[in-house]
Structure formats: C-alpha cells, structure tokens
Amino acid sequence: MISDIDQPQAGRSNPSDALRAVLESRLSRQQVAVQREPYTPLAVRRDRLHRAIDMIVSNEKAMVAAAQEDFGQRPEISCLLSDMMFPVSAFRHALRHVGRWMKPEKRPPDFPFGLLGARTYVFYQPLGVVGIMSPWNVPFGLAFAPLAGVLAAGNRAMIKPSELTPNCSALMAEIVRQSFAADEVDVVVGGVDVARQFAALPFDHLIFTGSAPVAREVMRSAAANLTPVTLELGGKAAVIIARGADLDAAAAKVVSIKLGNGGQICMGVDHVRVHREDREAFVAAVRRKLAEFFPDYDNNPDLGYVFLPGQRQRLAGLVRDAVARGAQVEVMGDGDIGQLATMANFPLVMIHQPAPDSDMMREEIFGPLLPVVEYKSVDELAAQLRAGGRPLALYLFGGNSEEQDFLLKNTWSGGVSFDDVMLHTFMQELPFGGVGESGMGRYGGHAGFRTFSNARSVAHRPRFDLMAMYPPFTPKMVARVRKLIGIR
Ligand code: NAD
C-alpha cells in the first residue's frame, strides 16, 4: 500500500504508535498556524480559493490520467464533470460570496432590549482544522468539494483520500503540496490503518464521505474527542415514474447514470418504481436507450468500469440472491449471470420485481443493477418508499404538483429532483447531505460555510442593565420575575 507516512519512527517500536505520532505532528503543525492566525482575513481566504481552482484547472490532464489508471476505464467526461467541474463550481461560488457570508448577521434583540440600544448578531469564526475523509468513486471531487466551504470559512484542512484509488490519491498529495503550504492543506496518503488513526485525531470538525458501516466506526472515534462530524453516506435513491411521465426521458437518465461511473454514484439511481400498467413500456424504453447510447457494449469507451473485484463479486452475489428468491433477471449488455463477477465492463442487469426482503432491496446497490418494482397506487408507493429507509435522494418523473407535494410530505430523503436525476446536487445554494442512514449535516454553498464555522452569538448590553438582579433578593424582585413569566 502506498503511503506518505514514514514508519516506523526512530525510537518507536510499535508501528501504530509511530503512525499516530506522525499524524499528530502533522495536525499539530496546522494547529500552531491556527494559534498564529485564529481569524483568517478575507484576502487570505480568497487567495486559497483561487489557488484551489488553479490547482484543478492546471492539472486536468494528470487528473484524468490518474483516474483512468485507477478505474481501468473511465470516460474523460466523467472525470471532467465529477472530479473537476463539481469542486471548481463550489470554489467559484464560494469566491463570489465569501465576503458576504463572513459579515456578522444582525438578529433582532428581544423586547425591550432593542428599544434601549442592545445589539445582537451572529459572528462567524473559523473552527480551526477540519479533517476530510473521501471515498474512491469520485476520488478528487469528493475530497475537494467540501474544501470549498472549509477554506471559505477560514479553516485549515487535512485530507485522507481513499486507498482504493492509489494513483489519484498520490497525485492529489502532489498537486496539493505544489499549491498549498502543509499548514494550510495537507493530504495524508495511506491504507485503512492510516484512515483509522486519521479519524481518531482531535480535529475541530470531521467530514466523512463513504459507507454507513465505516461511518459508524469514524463517528465512534470522533466521539472520543467530541469532534463534530458531517457524514455523507448513501442509500437507495429511487427513480419514481408517475403515470403519464415521459418514459423515454426517464429511461435516458436511468441508463446513462447506471452505466456512467459503473453506477457507482451515491446520489445516482438505485432502483426504479413504476406503475404496474407502465412497466412494460418503461422496460422497452430502457432497452431502446441502452441500444442508442451503448451500441457496441463490449468495446464501448463511454462505459465507466466496475474496476474493483470486490464490488463485482458483491454485485454478482446480489443478483444470485434475487434469482434464488424468484426474481426474473435480464442481463442487458453482453455476458450472462455466471460471468458477472469477472466483467469490469459490468453490464446493465435488470431485475424484475425482486422480493422486498432480497439483499438488493435492503442494501445500497452502487452498481449497474436495475431493480424495477411495480406500484399500484400513490399511497402504496409512499409506503414502499418509507419502508425502504431514508436515502440521499429521490427522483420523480412526471406527476402533477399535487403528486409532487404528496411525495415531499410523505417520504424522506436528503434531497429531491423532479423530472431529473441529481439536479439538486448541482445547485450551489441547496444544502447537500443526507438524513437518517444517508448521513447527517450539510455542506455546499452557504450551508458549507456555516457547517465549518463557529456561529458565535454576540450581545451588546443596552444603556440600562435590564438583567441586574443581585442579592439580597427582595419580594419585589420575585414578583417582577413572576409577572414576566405570566404567573398571577
Ligand atoms: P468507505 O466507507 O469504504 O471508505 C471511505 C473512506 O473511509 C476512505 O477514505 C477509506 O480510506 C476510509 N476507511 C475505510 N475503512 C475505514 C475504517 N475502518 N476506519 C476509518 N476509515 C476507513 O466508502 P467507499 O467504498 O470508498 O465509498 C462508497 C460509499 O460511499 C457508498 O456507500 C456511497 O454511497 C458513499 N458515498 C457517499 C457520497 C455522498 O456524498 N454522500 C458520495 C460518494 C460515495
């Protein structure tokens, strides 16, 4: 496993202690810088945001090549959109608004304090050092996008990227080193042992993007330091097809997202729910779009590979389980069920009406398997969705405003897009994050600035000290408090 941590350290025989010592010294370097400059001026924040944009823009070729190397095959446009445009848009948005975000926010003082000259406001100050832990599926994008809010809020950052994309992680460390001092932004490269120790560092905030089982471990480690966490997890994001929806438009989104990045997108499409009378027409639309978008499936450069053998084996296991429970399975690209675990160009596999207790209807799929589940009524649909947990996103195609409103009020998810997939995640001013098992906390735009700031409440006393209530306490004072409470 590649690592930029030299271990063991001289004088330390236990590699785990040596690793902890190195990580602590790298954190301590940033903490010293925080002590030197606890409040980062606007010009410094802007300069860091500019440098982050330049870093990405000037390393485009190397970033595409590293992702290509790690993924085996990943369309250049996937890398441009998810690893570059996503964070660059976040940095640009932060640059435009950081001056306004930093301004103290006036709040009205309670009556009668305001009349007598009290002033109250929220003052946003940097937290200090923020840890960022990121997954492999969007290796640069999910490490850099949170950095926009972290830097805009005036913090310093340590990033731990995934060990499963070693070329991307090594390049990230290099380009960050070229663009930032180690006490501004530092990238720690290493395996799961490094990740565990990283999560145990006493950061002022920790943002973790990844899976729910690992998030539980990370949150336990953070709890030991009372480090607040933002958890960006996944879940079963459904595409719902309402009666009368444009089936071709819905199928186009579903096919392109299930096969772009190998379906390995946290807020992509997990499964489809369609009215029983539209099921056949929708399945036909999926077949048409697949043939149109990926005519030569075997050698198609626009497919994102399922490059991790463990992922392919997991997906093949989900298919076997669904078959064993009676679902009808259709391998829609080249290949058959027996070959799935070995195919990096994993085909789109449609699963008709899988049993609700099958593994693929209980776990996040995170790959090109497409369960198609029927519903008979909108009420039944909402009940099915509520039973399926609280995912990162829900998508409704078609439907009138009443149906949209019904869905919003009767289901849960971190975000919603109507007639589209992932649209809400591109909107800089919509807070991004999950609910329940899809995570906690929000980043993106102003929400990111707030998440990574200390919202300090400030009150200036009015001319008269209305709160003066010193001993000895008299019956008159007690009567006054009773009156304020409303006790007769
Ligand atoms: P993962 O949980 O395996 O790994 C995420 C990070 O945790 C990596 O940096 C890894 O080094 C580290 N890690 C691994 N084991 C650890 C441990 N025991 N202790 C501490 N840290 C550890 O996730 P993944 O497989 O890289 O990514 C896929 C998951 O991420 C999916 O569940 C997906 O839905 C989710 N995801 C969520 C978002 C989002 O924005 N909400 C985005 C992308 C992916």
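The analysis underlying the following values was restricted to heavy atoms, covering all of them including side chains, and did not include hydrogens, waters or symmetry mates. All ligand and atom numbering here is 1-based and tracks the order in the structure.
Taking a cutoff of 4.0 Å between a charged side-chain nitrogen and a carboxylate oxygen, R51 and D54 do not qualify as a salt bridge.
Partners of R314 according to the side-chain hydrogen bond (donor to acceptor under 3.5 Å, both in side chains) rule, which considers only residues two or more places apart in sequence or in another chain, are Q311. Evaluation of the side-chain hydrogen bond (donor to acceptor under 3.5 Å, both in side chains) rule for H50 yields no partner, not counting sequence neighbours.
The list of salt bridge (Lys or Arg N to Asp or Glu O under 4.0 Å) pairs with a residue in residues 348-367, not counting sequence neighbours, reads R325-D357, D359-R362.
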Checking side-chain contact (heavy atoms from CB on, under 4.5 Å) for the pair I265/M422: CA distance, chi angles, key distance, verdict?
CA-CA 10 Å; I265 305 175; M422 302 199 295; 3.8 Å; yes
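Once rounded to the nearest 0.5 Å, the distance linking CE of M102 with CZ of R45 reads 3.5 Å.
For ligand 1, residues of the protein lying within 4.0 angstrom by heavy-atom distance are M133, S134, P135, W136, N137, L142, K160, P161, S162, E163, V192, A195, R196, F208, T209, G210, S211, V214, E217, V218, E232, L233, G234, C266, E364, F366, L392, F432.
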